[in-house]
Amino acid sequence: MKPAPFDYLRPASLSEALAALASGGDEARILAGGQSLMPMLNMRLVQPRLLIDLSLLDELRSLEARDGWLTVGAAVTQAELMARPTLAEEVPLLAAALPWIGHFQTRNRGTVCGSIAHADPSAELPLCLVALGGEVMLRSARKRRSLPAAAFFLGPLTTAKEADEIIEAVRFPLRKAETGHAFREVAMRHGDFAITACAAIADRNGLRLAVGGVADRPIARDWPLLAGAELDEALNAFAWDLGGDDDQHATARYRRSLVRRIGRTAIEEALACRP
Amino acid sequence: MQALTAETRHPVTIILNGQRRSGYAHPRMLLSDFLRHELGAHGTRVGCEHGVCGACTIRIDGVAQRACLTLAVQADNRRVDTVEGLAKEGRMTALQEAFNRHHALQCGFCTAGILMSLSDYLERVPKPSEAELRDMLSGHLCRCTGYAGIVRAVMDVTGQLRETPHV
Amino acid sequence: MTALKSAATTPQAESAAGPLVGRPIPRLEDTAILTGAARYADDLPVKPGTLHAAILRSPHAHAEVLGIDVGAALTMPGVAAIVTGEEAKRFASPFLVGVKAPMEHWCLAIDRVRYVGEPVAVVLAENRYLAEDALDRIEVRYRPLPPVTSIEQALDPASELLHPAVGSNIANTRNFLYGDPDSQFETAPHRLSLTVHYPRNSCTPMECFVVQAEYDPAEGGYEVLSNFSGPFAVHPVMARALNVSGAKLRLKSPPHSGGSFGNKQAVFPYIVLMGLCARVSGRPVKWVEDRLEHLMAATSATGRRMDLEAAVDADGKVLALRMQQTEDCGAYVRAPEPASLYRNHGNLTGAYDIRHLAVVNRIALTNKTPSGLNRGFGGGQLYFGLERLMHHIAVTLNLDPLDVIRRNLVPASAMPYATASGGQLDSGDYPATVEEAIERGGLAELKARRDKARAEGRLYGIGYAAIVEPSISNMGYITTVLTAEERRKAGPKNGAQAAATVAVDPTGGVSVSVASVPQGQGHRTVLAQVIADVFGLRLEDIRVVTDFDTAKDAWSIAAGNYSSRFAGAVAGTAHIAAMRLRDRLARLAAGQLNVRPEDVRFENGKVFAASNPENTLSFSRLAAAGHWAPGTLPEGQEAALRETAFWTPDPLKAPTDADHINSSACYGFIFDFCGVEVDRVTGQVRIDHYVTMHDAGRLLNPLMVEGQVMGGFAQAVGVALYEEYAYGEDGGFLSGSFADYLVPTSMEVPVPVILHRESPSPVTPLGAKGAGEGNNMSTPVCIANAVADALGIDTVTLPLTPSKIAALIDGEEPPRPVVAGAPPAPEPVKTAGGRGLSGEGSRTVPATPEEVWAILLDPKELAALLPGCEALDLVGPNSYRAEVVVGIGPVRGRYTAEVALSDLDPPNSLTLAGSGSSALGTGRGTGHVTLERTAEGTTVRYRYTAEVGGKVAAVGGRMLDSASRLLIGQFFDKLIARAGGPAAPAEKPSLLKRLLRLLGLAR
Ligand code: FES
Ligand code: FES
């Protein structure tokens, strides 16, 4: 279980990295924290010709709250984000979800953007990004663009990122007044990928529930302020629409039932914690 | 820009437990292999090579992480601490002693990684609750002990062991 | 429940006076481990020129091997040799098989593969990285065969035969009759039956297998270093497979082991394989198993189906039992199997006094990894049936499960108790032990908790299990699988020979070596305690050597670390050797002290006369005499330098002609109870309180015993709630990583209350019995019984995952709402087990059916439609060979695929079939496509089934369905674009495309 051979590049700047990526194209992969990519390299599921290591690029270490967004640079680790003292104020959903991501040791290395780029359908960070309506800031030697989260995730491990693009940063909208957030997850063991994870956001006008682990990507749905049987019906319709599959640990039916149940708990919790 | 070609063995120097150590590595060589087979520092164990079991956990620049998910070339010029560096002048640390007292290890294959995680974690959280500690430990798999002795040892060494009943 | 409440002793130790044995002394092993100095198998040096092996493994569960092309791989840098079944045929032989059946099991597949992960070829290269590079370049052609993936399928005579020469997928059937069950069944007031299945799982030691092998052509012998754990009964099997005598297979073990739990027994086929590789390559060879290999193909506990029937009287007393055990041994009955099925034959009735017993034992072959020893082997399986049955009896007859247990326990007055099938339960007071556990473990409080929880509408249950824990296997029990006639021909097999050597050196140091291979339990410490007591020395005066060498150490076939033989047999034998040596030293000392040998005492490093403690010699002085001045020894006395003892437990006889067998030397007793709560919302099980009471005879070191109990318990929690080696219906292996095979972490394992009684065994030298396997036997069923109690149900299947439990407690699912105006989206079609991939969908294309037909039948067009197709060559009518690069995101594999169109009904329907393989694994799929003329053009409907095997399936199970849908969606996207629909944009996907894809995903 050893990686296939690759050239290794440690660029001194982002522009060097972009140039390298432009020439490496499809055969190049970005290495940031490596917590998703390295296992796939070791298993030889992924065999790039060139690895471009961004982990030490200072210009990607920015982590700042400004103009209504919390912007997280590509080299910021999950542990660094989690340790941000103001996070629970700024993006409470992230503060609630981060402890569910992997473990202390993997969060120490794993980056926020790396998890977004990996696009595991069960991962917590893509779910939060979709739930919050965050954005992915992409950059190539040619151009810069940003995509809303819902347009970024296309399927399992599949995103709208072009081969020559780097996720420079992702940004999460800062908490809006009168908004409540909740995060719920069921996994087989602590720290495992979610069987089903639900992120709920409620304000004075409506509800949003985003679900990971069921469809092939995190999916969000908005409702007006539903309650009671109406909410149950809406959750049921959503659970069915998400599809979901059987795997060795859980059935599609179980996933749907979790959407109905922990989805509801999450919504109620989000409603209750609106300031 | 540092560009290392796949076919070439490149010099890699790390500060291993306070000492400069150099060896050679292809870009794809895992840090776990570099430590164990290039530098002969066998104390770091390998249990899965996909980042789940935690046996290979070491500290790079003080931060606990998986050596099997790190390339040797990424550690170049950085500080790497492993289990061999814990005991000083032949004296085990209080944590190591507590592991012995509380039978926190059996085969010991998981132990080095757990000690390295703890050595980082306890610097950040000097008196974890049992729940917090167990959360952190869940990044390690131990097949022998059922974790009870490990938890007990840490509670003891952090001055929180309240009770010691029967066998 | 926290670790702090129920923790054990504070180990004190050396200061207290009195014997060391019985005290919770912290381990001597720990310093080396804690400081990183310990040397495990992969840490030991290799000789210059050593080649590193990587193994090519079958991606198929069942297939013929049509050909292997190693040409390209051989030209890869650093590759020295590639070994295949051809070389195995030249230099090796098939392994001996424990049942009489014409079954050939080789160290490398010859012409057929029978499980995913079966070794097919070995690359030997300068390092592991290069060896793996070459693996990817070996081309193997397979012809897939229908797989057998369940016991039920194996029982079906129509199932594809794994071993055609055996003539059946049931390799062996034996019937046993003890007493007269039939008449009991006729007259009993109640007859109850139950069928249970025990899943495949494994204790997965953290260290994987390691082998270093060398071949010496001058000697014609092999020298191997490996973390093999025994039983050394397998040594002759290895030697035979290498075509040498046992003396020419020198096997050594490293000083430290990263755990075994029985699993390291299964390294033996690789010892043979690497021996073969060393011989073929002419160089030393090293192989380190990686975790993917281990999970996929190392070993597994047997799966078992038990059909039980009990004749029961009104108060729950079991009068007779019928049990049919069908054992899933996987693709081969690999030594020492059928150990798992027969290990408990003497204690099939558990801790109960049941005089009438009928047994049918069957060994089923399935396309799964061969089974083997796994902590508690056979016990978890047996007691899952037996203790579920006791619970079932109680529920059905409306009795308290605890009362049913009480009524059936072997009474203390009956000890030693001969079981119906020939076991000799040696000691203990089971009823008193149960009562003590109830008292000390707080059952009354637990019941109150349950009642309170239930009153609040929560799901809370209590479970029990009472079992005997066998230790020190009789080497003859496996021959119970043979008929008495066959046994007579084969010669008697019995006993459990242990060996130990104790030596004194010229400075008075004592060294001990035993024919055992400790796997991390702390045996060095316990042996030092035992030996130090014998000689009146300190712990640090004793050196216990744990590396083992078949060429130099005393051993026999029972040697090794398995079946809990350490405390009873190994430590006991070391004690015997030490006592003999001490007796000889005493005779020498007697001469010098002028007393009788019986009066000589050994204490505190001194040797003296009991009658006159002033009259003393130092131990080292006495020890030195034999080395330095043998000439001064009294006439007729030899020096006391070294003593080797062999010991076998007296009660271990061969099976009788009536198939009575005392399968183990001694039997501990365990009584467990627990309370669990099931979350109504999520179906998750929480173990609220667990009590485990053990009578393991005399405890040599309570700290170590606690460690064993705790460790076994944790593994059993895994078995009960998390762990399973899962296979798809196609035989694909689905638990290939530690993210898929779920070993419990510190968050999942609670701390049980551990209680002890000590009824010394009359059989073993020190009165000790095994203690390390019991919870692997008792805990899974205890938890299962508690869950059954919580839910009020009778069928519980391990592991009790939240998904399974939710299916039991959830009522009817709310139906999918029908949205007015929108056509109902088709629901994905699922195969029964839910693990085969399948689905269906439809698209409307703006073209006539004839136009669509023309596109599908045109090779150029087809090439453009197939995702990642780089070349498509016609190889026959409507059949093609394609080079495709298929991938999801960054995961990509280059496949050589065969694609064929069949069932052509122009322009209405056709079947498109493809299969291919790559280093990532195999893929096969069939799609049936129909074209239907509509106002807008053509509605294309498709229905597909797919199978994905090999590595991708093993580690990517979570995403297989959505990934295959994505690929199929791509095909139809392109078809639509080609047939005049909106082109799939080359750059960023338009909203429309995403919409179409959504439709294509059948949502
Ligand atoms: S070996 Fe690195 S986490 Fe398992
Ligand atoms: S002590 Fe063996 S794995 Fe932890």
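In what follows, every heavy atom counts, from backbone to side chain, and hydrogens, waters and symmetry copies are set aside. Sequence lines set the chain letters: A, B, ... in the order given, protein chains first and strands last, and positions in each chain run from 1.
Expressed to the nearest 0.5 Å, how far CD of B/Gln65 lies from OG1 of A/Thr77 amounts to 9.5 Å. Once rounded to the nearest 0.5 Å, the distance linking CG of A/Leu9 with CD of B/Gln2 reads 9.0 Å. One finds the CZ atom of B/Arg28 at 8.0 Å from the CZ atom of A/Phe6 (value rounded to the nearest 0.5 Å). To the nearest 0.5 Å, the span separating CG on A/Leu51 from CG on B/Leu4 amounts to 11.0 Å. In this structure, OH in A/Tyr8 is found 8.5 Å from CG in B/Asp76, a value given to the nearest 0.5 Å. Atoms OG and CZ, on B/Ser138 and A/Arg189 in that order, are 9.0 Å from each other to the nearest 0.5 Å.
Both the backbone and the side chain of B/Leu69 have a heavy atom closer than 4.5 Å to some heavy atom of chain A. Using a 4.5 Å cut-off between heavy atoms, A/Arg49 does not touch chain B at all. Residue A/Leu31 touches chain B through its side chain alone, counting heavy-atom pairs closer than 4.5 Å. Contacts of B/Arg59 with chain A are absent, with no heavy-atom separation under 4.5 Å from either backbone or side chain. Looking at A/Leu41, there are no atoms closer than 4.5 Å to chain B (heavy atoms on both sides), in backbone or side chain. Contacts of A/Ser13 with chain B are absent, with no heavy-atom separation under 4.5 Å from either backbone or side chain. Proximity to chain A (any heavy atom under 4.5 Å) is shown, for B/Thr5, by both the backbone and the side chain. For a residue to count as touching a neighbouring chain, one of its non-hydrogen atoms must lie under 4.5 Å from one of that chain's; by this rule A/Met43 touches chain B with the side chain only.
A donor-acceptor pair under 3.5 Å is formed between the side chain of A/Asn108 and the backbone N or O of B/Ala64. In this structure a side-chain-to-backbone donor-acceptor pair under 3.5 Å is missing from A/Asn42 to B/His50.
Side-chain atoms of B/Thr70 and A/Arg109 include a donor-acceptor pair closer than 3.5 Å. Using modelled atom types and a 3.5 Å distance limit, the side chains of A/Gln105 and B/Ser117 yield a donor-acceptor pair.
B/Asp120 places a side-chain heavy atom less than 4.5 Å from the side chain of A/Phe104. Residues B/Leu30 and A/Met38 have side chains in contact (heavy-atom distance under 4.5 Å, counting atoms from C-beta outward).
The two residues A/Leu56 and B/Arg78 have their closest heavy-atom pair at CD2-NH1, 4.0 Å.
Between chain A and the residues B/Arg66, B/His140, B/Gln74, the most heavy-atom pairs under 4.5 angstrom are made by B/Gln74.
Here B/Asp33 pairs with A/Lys2 in a salt bridge; the nearest charged N to carboxylate O distance falls below 4.0 Å.
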